[in-house]
Amino acid sequence: MARVAIGPIPSAYAQPIPPRDRRAGARQPLEALGVLSETDGDDKQLEVAVLNVSPHGCAFRSPVAFRPGAIYTMRIGTGPLYLASTLRIVSSRDRCDGFFEVGAKFV
């Protein structure tokens, strides 16, 4: 029986594996003001910076962390043209500048 030498793959043949993108649709970059409010009718609102948006969700920068699974209502934009939707928090990552980058899915 022949033995096959196992060792490192020469760098000329190694290809980096791109990270798997789990998003259902392409996100479009967006710089807009968003206002989050709780769905229970509470008057507390929080202004956030919306970073990108897709038909399925959005990402925003917030001064506070969010719990994954929490449900909120978001209004993106001001004036007569705006988007409003209910969303579920998917991720909340701490940034080095003291803010949090939050990913959310529209429900």
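Just the heavy atoms: all of them, side chains too, but no hydrogens, waters or symmetry mates, feed the values below.
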Do any side-chain atoms of residues 95-107 form donor-acceptor pairs under 3.5 angstrom with protein atoms, and if so which ones, sequence neighbours left out?
unit_1 : atom_1 : unit_2 : atom_2 : d
R95    : NE     : D97    : OD1    : 3.2
R95    : NE     : D97    : OD2    : 3.4
R95    : NH1    : E101   : OE1    : 3.3
R95    : NH2    : D97    : OD2    : 2.8
D97    : OD1    : F99    : N      : 3.1

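Looking at every heavy atom in both residues, T39 comes nearest to T86 through CG2-CG2, 4.4 Å. Minimum interatomic distance between A65 and S92 (heavy atoms only, all atoms of both residues): CA-OG, 3.7 Å.
A continuous path of Ile, Leu, Val, Met, Phe, Trp and Tyr side chains, each step under 4.5 Å between heavy atoms, connects L46 with L83, placing both in one hydrophobic cluster. If you chain together hydrophobic residues whose side chains sit under 4.5 Å apart, V64 and L87 fall into the same group. Following chains of ILVMFWY side-chain contacts shorter than 4.5 Å, one cannot reach M74 starting from L51, and the two form parts of different hydrophobic clusters.
Listed by chain and number, the residues in a side-chain contact (heavy atoms from CB on, under 4.5 Å) with S37 are Q45, T73 (sequence neighbours excluded). The side chain to side chain donor-acceptor pair (under 3.5 Å) search around S91 returns R93, not counting sequence neighbours.
The salt bridge (Lys or Arg N to Asp or Glu O under 4.0 Å) contacts involving residues 50-77 comprise nothing, where partners must be two or more places apart or lie in separate chains. Sorted by first and then second residue, the ring pair (Phe, Tyr, Trp, His ring centres under 6.0 Å) pairs involving residues 59-90 (not counting sequence neighbours) are F60-F66, F66-Y72.
Rounded to the nearest 0.5 angstrom, L30 CG and C58 SG are separated by 9.0 Å. Considering CD1 of I76 and CG of L36, their distance stands at 9.0 Å, rounded to 0.5 Å.
With a 6.0 Å radius and a threshold of 12 heavy atoms from other residues, nucleotides or ligands, E38 has its CD atom above the threshold.
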